[in-house]
Amino acid sequence: MSALEKLKQLHAIQFKYKPEVDSDQRLRAGFSAQQVQQVIPEAVFEEDGYLMLDMDVLNAYVREAKKELKKINKKQVKS
């Protein structure tokens with residue numbers, strides 16, 4: 001499965017961290033580590049009992065998906 005196909009399976013969510021993690025209680029946007037783990041397991045690790053996202057891995061998928069989109073767009077322009 002391509003990077004683009006994998007990223008298309010992820011759905012952004014809005015959330016707030018627990019008060020003990022973030023006292024500001026700002027609304028944030030991102031991805032659920034549990035969902036990412038199902039689609040891109042290598043982008044998730046566990047730390048102190050919490051699932052965390054490895055943003056370096058996710059960013060690599062984004063870069064690859066951009067390349068795939070550029071190829072798709074070039075093919076559509078030529079048609």
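Just so it is clear, the values below take in all heavy atoms, side chains as well, and ignore hydrogens, waters and symmetry mates.
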| request: Please check if the side chain of Q35 supplies one atom and the backbone of H11 the other of a donor-acceptor pair under 3.5 Å. | output: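 Yes: the side chain of Q35 pairs with the backbone of H11.
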
| field | E64 (side chain) donor-acceptor with A3 (main chain) under 3.5 angstrom | value |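 Absent.
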
| field | Listed partners of D54 passing salt bridge (Lys or Arg N to Asp or Glu O under 4.0 Å), at least two apart | value |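 For D54 there are no salt bridge (Lys or Arg N to Asp or Glu O under 4.0 Å) partners, ignoring immediate neighbours.
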
Rounded to the nearest 0.5 Å, how far apart are [atom1] of [X] and [atom2] of [Y]?
X   : Y   : atom1 : atom2 : answer
F45 : L53 : CZ    : CG    : 8.0 Å
R63 : E68 : CZ    : CD    : 13.0 Å
Q9  : L4  : CD    : CG    : 10.5 Å

Group every Ile, Leu, Val, Met, Phe, Trp and Tyr by side-chain heavy-atom contacts under 4.5 Å, then state whether [X] and [Y] land in the same group.
X   : Y   : answer
V44 : M52 : no
L10 : I13 : no
M55 : L51 : yes
Y50 : Y17 : no

| request: Provide the closest heavy-atom pair for A43 versus V57 in the form atom of the first, atom of the second, distance. | output: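 Closest approach of A43 to V57, heavy atoms only: CB-CG1, 3.6 Å.
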
| What is the minimum heavy-atom distance between K16 and R26, and which atoms define it? |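 Nearest pair, atom of K16 first, then R26: CG-O, 3.6 Å.
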
| message | I'd like to check L7 versus I40 (side-chain heavy atoms, cut-off strictly below 4.5 Å). Are they in contact? | response |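 With C-beta onward as the side chain, the pair touches.
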
